[in-house]
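First up is the structure itself, then whatever we jot down about it.
Below, each value reflects all heavy atoms present in this structure, side chains not excepted, and no hydrogens, waters or symmetry copies. Convention: sequence-line order gives letters A, B, ...; per-chain numbering from 1.
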There are 2 protein chains.
Amino acid sequence: MSQHSGSEAAATEERSGPKTERGRRTLRRLLDAAGEEFGTRGYHETAISNITQSAGVGLGTFYVYFKSKEEVFKALVADMGARTRHALSESVKDAPNRLEAERLGIQAYVEFVRSHKALYRIVMEAQFVAPEAYRAYYRTFSEAYRQQLAQASKRGEISDGNDDVRVWALMGASTFLGLKFGIWDDAADIGAVSEAAADLMINGLAPRAKKGDAS
Amino acid sequence: MSQHSGSEAAATEERSGPKTERGRRTLRRLLDAAGEEFGTRGYHETAISNITQSAGVGLGTFYVYFKSKEEVFKALVADMGARTRHALSESVKDAPNRLEAERLGIQAYVEFVRSHKALYRIVMEAQFVAPEAYRAYYRTFSEAYRQQLAQASKRGEISDGNDDVRVWALMGASTFLGLKFGIWDDAADIGAVSEAAADLMINGLAPRAKKGDAS
DNA sequence: TCGGAACCTGAATGTTGACTCATGTTTCAA
DNA sequence: TTGAAACATGAGTCAACATTCAGGTTCCGA
């Protein structure tokens, strides 16, 4: 965790990160422990002492690395955003077209949620604990997504439409599917779910036109 | 608030509700104040004394009507669920078919969110404060929705598909649209949003088949 | 008119937990 | 080897509530 982008780690500390190897190790332990604790007990039910105990360091050590409880939380949200984007862009990177990309994206997303339940919860709770971080998370997401749709639309792979609205609807759909089938019903068959979901996103609810149905 | 179903109000009090008119008035004041405070400051940032002051009653009075802070919160979530379902079923009640119902439903939902921002926030926060109430909220919702889809499917108004998955995808889409265009961008043109969203849900992203496109 | 039920109150209690700080210990460049 | 920067620590401080309770006040049927 947190080794993805130096810039994020930097924002985590007052001025630049830890100077020594020992320091970097401790920081990583704290971030991992915080992710685990926040993710399972929730922000308000997690005490700093829970985190430091879980990390195996003294209570005071926490404040060597973070200004406040909220600050770690924000760092985790940003980290989760970077990871999710990475996982998604990987999963989609060699899709032949946008429709196929949607299918793959949904599947990858639900799988990702399922295998990162704790961090996923953190993102959701950010809506109330760190609203700005939450909005930033979805803003970044939606901007990239909208661009994808606009390009696909230009290539004729998808119909024209209000991409801003579409993006939010699609993100919402994925989010809820992640919650329902990634967290709550985590025994569900992800393949079937993403198949059905992709079908809905691609073809909609409307009845299929029958062959030779000119009307 | 809370005058919708006697059964909910009953669950709110230890044994049956207030006996006198004065009592009923006080209860209503407390519920309204709690909705307002929780909705704007959030659950954890709201103190019982905030609620009682806002309601214009003494601190102790709160505990005449509720066992705990969490209890009012749950009551509010249930109340919001009943209201939302009511608003939606009203808006959809004379739709000629399911596709039109989807369009109307989305529009009504975003409008409802926009005009009940505080209570809407409470429902979302319930995910962390009262998870069981949150799941119940969506369970009730999804069951009714799924039935609607199944019937429409039988009538041939929509295609066949995995309704369980579809329902969650559609609820997610509406929820996010409500968040984005009902709360965050509350100046957006709801008509345009619901139009675009309904188009997505009905026709999907796939390019429109051109006239005489038999392939 | 009276008594008890229903209702109201806010000071006091007790707990919880974020954050500070004075005092070490470790690391490492000179 | 050494001193200062970096790191580690946990007891103690302090403010913020949720909830209780003992002592009222108001209402209403008999």
In whole angstrom, give the distance that lies between atom [atom1] of [X] and atom [atom2] of [N].
X	N	atom1	atom2	value
B:L30	C:dC8	CG	P	9 Å
A:Y63	C:dG17	OH	P	12 Å
B:R29	C:dC7	CZ	C1'	14 Å
B:F62	D:dT20	CZ	C1'	14 Å
A:K67	C:dA18	NZ	P	17 Å
A:L27	D:dA6	CG	P	15 Å
B:Y65	C:dT9	OH	C1'	12 Å
B:K69	D:dA16	NZ	P	14 Å

Any chance you could lay out the ring-ring contact (aromatic ring centres under 6.0 Å, His included) test for B:F176 and A:Y138, step after step, and finish with the verdict? CA-CA 11 Å; B:F176 264 52; A:Y138 282 108; 5.2 Å; yes
Contact pattern, 5' to 3', of nucleotides 24-30 of chain C - B, S or - by protein heavy atom under 4.0 Å: --S----
For B:G60, answer base if it contacts any base atom (sugar-phosphate contacts may also be present), sugar-phosphate if it contacts only those atoms, and nothing otherwise; contact means non-hydrogen atoms under 4.0 Å.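 Base contact.
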C:dC7 OP1/OP2 closer than 4.0 Å to side-chain N/O of B:T26: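 No.
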Taking all non-hydrogen atoms of both residues into account, name the closest pair between B:G42 and B:E125 and its distance.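 B:G42 and B:E125 have their closest heavy atoms at CA-OE1, 3.5 Å.
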Show the nearest heavy-atom pair for residues B:M171 and B:Y145, with the distance to one decimal.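 Shortest heavy-atom contact: CG-CD1, 3.9 Å.
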Are B:H116 and B:F112 an aromatic pair, judged by ring center distance below 6.0 Å?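 Yes, close enough.
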Side chain of [X]: nearest nucleotide among [options]?
X	options	answer
A:V57	D:dT9, D:dC7, D:dT19	D:dT9
B:K19	D:dC7, C:dC7, C:dC19	C:dC7
A:L59	D:dG10, C:dA18, C:dC8	D:dG10

Do the charged groups of B:R85 and B:E90 touch, with an N to O distance under 4.0 Å?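 No, this pair does not count.
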Is it the case that atom CZ in A:R103 sees more than 12 heavy atoms from other parts of the structure closer than 6.0 Å?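 More than 12 heavy atoms, drawn from other residues, nucleotides or ligands, come within 6.0 Å of this atom.
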Counting neighbours of CZ on B:R29 that are heavy atoms of other residues, nucleotides or ligands and sit closer than 6.0 Å, is the number greater than 12?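 No - once you tally the heavy atoms of other residues, nucleotides and ligands closer than 6.0 Å, there are 12 at most.
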Short of 4.0 Å, heavy atom to strand atom, which residues of residues 43-52 of chain B count as contacting DNA chain D?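 Heavy-atom contacts with DNA chain D come from B:T46, B:A47, B:I48.
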Rounded to the nearest 0.5 Å, what separates atom CG in B:L31 from atom CD in B:E36?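 Here the rounded value is 13.0 Å.
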Quick one about B:Q107 and B:E111 (side-chain donor to acceptor, distance below 3.5 Å, no hydrogens or angles considered), yes or no?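 Judged by distance alone, the side chains do pair up.
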